[in-house]
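Since the structure comes first, as structure tokens, the remarks are kept for the end.
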Amino acid sequence: MYHIGVDLGGTKIEGAILDHNHSILKRQRVSTPDSYTQILETIQHMIHQLDLGTHTIGIGTPGTVGPDGRIIGSNLKYIRGRHLKRDIEDNLNASISMGNDADCFVAAEATLGAGTSYSVVFGSIMGTGVGGGISVNGDVIYGSVGMAGEWGHSTLYPNGTPCWCGKRGCVEAYISGPALQQIWYKENHTYMSIPDIIEQQPSGYTEWKDTFVDNFGLALSNVMQILNPDCIVLGGGLSNIDFLYNEGRDAVKKLTPECNTPILQNSLGDSSGVIGAALLGATEAL
């Protein structure tokens, strides 16, 4: 039995097929299309291209499948309010498993990655959006409506920056990739990518970085106080920023001095999400 995983993200869709040892046999990556119909077609084509025989299918998405089957809480606007699971199943004429992308991420890292030696793992995705998932003794904790661990829309600053979700002051409105770029532009009046800001360190860099680190520390200290995990594993594009693992860690420690929780970079890299999606399909098929 093979296991196909698809990781649907704000900028890319990645697919992979795993064997029974969880080794990746084949993978694909394409840019995320800008319409719902094209997303469905791309996922359908990708799964057909990955097919090596009898398989399960798991798909990780930004957002969650709500009680009525529609996607809720997604920063990918094309799938909000859509019956994504049902529509993909109709296209494929097959059953699939679907879960939040951060839940897939923490499942992979807790089972096969950086969190394997810890009991309670908090996995944080920081990229186009900010999401989170919780694994306890290898089992993902979903909560009553599948939103356990979703720290991205907890409030960092009451009446702060408007967020796409309709609230103000969300964590995602301050430490996601788009938010950090917007903060840079607002303060320095130039458009720069985050890797370029960090590499070039132009005028204004220190102030921008210090604000980022402070917000990161405040946001994660709240997670620390509530969950007190054994480790935190960072994923997403921003997890490649080195200063999060020293200055960022120290900012968290300053606000939660009683906690010595390590903040770890993921060890599965870009494969975390797609492996977790495949594991989701494999687990639900048991």
Side-chain angles (χ1 to χ4, degrees), residues 5-10 12 14 16 22 58-65 73-75 97-143 145-154 170-172 175-177 216-217 219-241 244-245 248-249 252 256 259-283:
V6 175
D7 182 22
L8 171 59
K12 67 173 177 63
E14 183 170 5
H22 303 149
I59 297 180
T61 69
T64 354
V65 179
S74 176
N75 65 345
S97 300
M98 182 170 286
N100 175 264
D101 54 358
D103 291 335
C104 292
F105 168 77
V106 76
E109 288 294 332
T111 304
L112 302 170
T116 52
S117 60
Y118 299 91
S119 296
V120 181
V121 180
F122 181 73
S124 166
I125 294 180
M126 296 173 58
T128 306
V130 175
I134 304 166
S135 173
V136 178
N137 296 323
D139 294 326
V140 175
I141 306 302
Y142 295 102
V145 292
M147 296 182 67
E150 287 299 334
W151 68 310
H153 295 284
S154 59
C170 294
V171 169
E172 187 167 305
I175 62 171
S176 66
F216 175 82
L220 266 187
S221 71
N222 291 327
V223 173
M224 222 56 110
Q225 295 280 6
I226 294 168
L227 184 61
N228 193 21
D230 295 320
C231 75
I232 293 173
V233 183
L234 303 185
L238 300 182
S239 69
N240 296 315
I241 298 176
L244 292 180
Y245 302 96
R249 177 204 60 214
V252 178
T256 52
C259 297
N260 291 307
T261 302
I263 298 176
L264 310 173
Q265 188 167 15
N266 64 83
S267 64
L268 298 175
D270 288 346
S271 300
S272 296
V274 75
I275 289 174
L279 292 176
L280 173 68
T283 300

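Basis for what follows: all heavy atoms, side chains included, without hydrogens, waters or symmetry-related copies. The structure displayed is predicted, hence computed values, not measured ones.
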Between [X] and [Y] (side chain of the first, backbone of the second, donor and acceptor by atom type, cut-off under 3.5 Å), is there such a pair?
X: E109; Y: A114; value: yes
X: E14; Y: D7; value: no
X: S135; Y: V106; value: no
X: T111; Y: A108; value: no
X: D101; Y: G60; value: no

About how many Å separate [atom2] of [Y] and [atom1] of [X], when rounded to the nearest 0.5 Å?
X: L244; Y: I232; atom1: CG; atom2: CD1; result: 11.5 Å
X: M224; Y: N260; atom1: CE; atom2: CG; result: 9.0 Å
X: C170; Y: W151; atom1: SG; atom2: CH2; result: 12.5 Å
X: S97; Y: L280; atom1: OG; atom2: CG; result: 5.0 Å
X: R249; Y: L220; atom1: CZ; atom2: CG; result: 13.0 Å

Report the residue from S154, S124, S176 that forms a side-chain contact (heavy atoms from CB on, under 4.5 Å) with V171.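 Going through the options one by one, the only one that passes is S154.
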
Locate the shortest heavy-atom distance separating [X] from [Y]; write the atom from each residue and the value.
X: G235; Y: N266; answer: CA-ND2, 3.6 Å
X: P62; Y: N75; answer: CB-OD1, 3.4 Å
X: V130; Y: E172; answer: N-OE1, 3.0 Å
X: V121; Y: A110; answer: CG2-CB, 4.2 Å
X: V145; Y: T64; answer: O-CG2, 4.0 Å
X: F122; Y: G132; answer: CZ-CA, 4.1 Å

side-chain contact (heavy atoms from CB on, under 4.5 Å), that's the test. Do Y142 and N100 meet it? Break it down for me. CA-CA 9 Å; Y142 295 102; N100 175 264; over 6 Å; no

How would you list, by chain and number, every residue that makes a side-chain contact (heavy atoms from CB on, under 4.5 Å) with Y245, sequence neighbours excluded? L234, S239, I263, Q265

Is I275 close to H22 at the side-chain level, that is, under 4.5 Å between some pair of heavy atoms? no

Does a side-chain heavy-atom distance below 4.5 Å link L264 with Y118? yes

By side-chain hydrogen bond (donor to acceptor under 3.5 Å, both in side chains), which residues pair with T256, not counting sequence neighbours?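 For T256, no residue satisfies side-chain hydrogen bond (donor to acceptor under 3.5 Å, both in side chains) once neighbours in sequence are set aside.
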
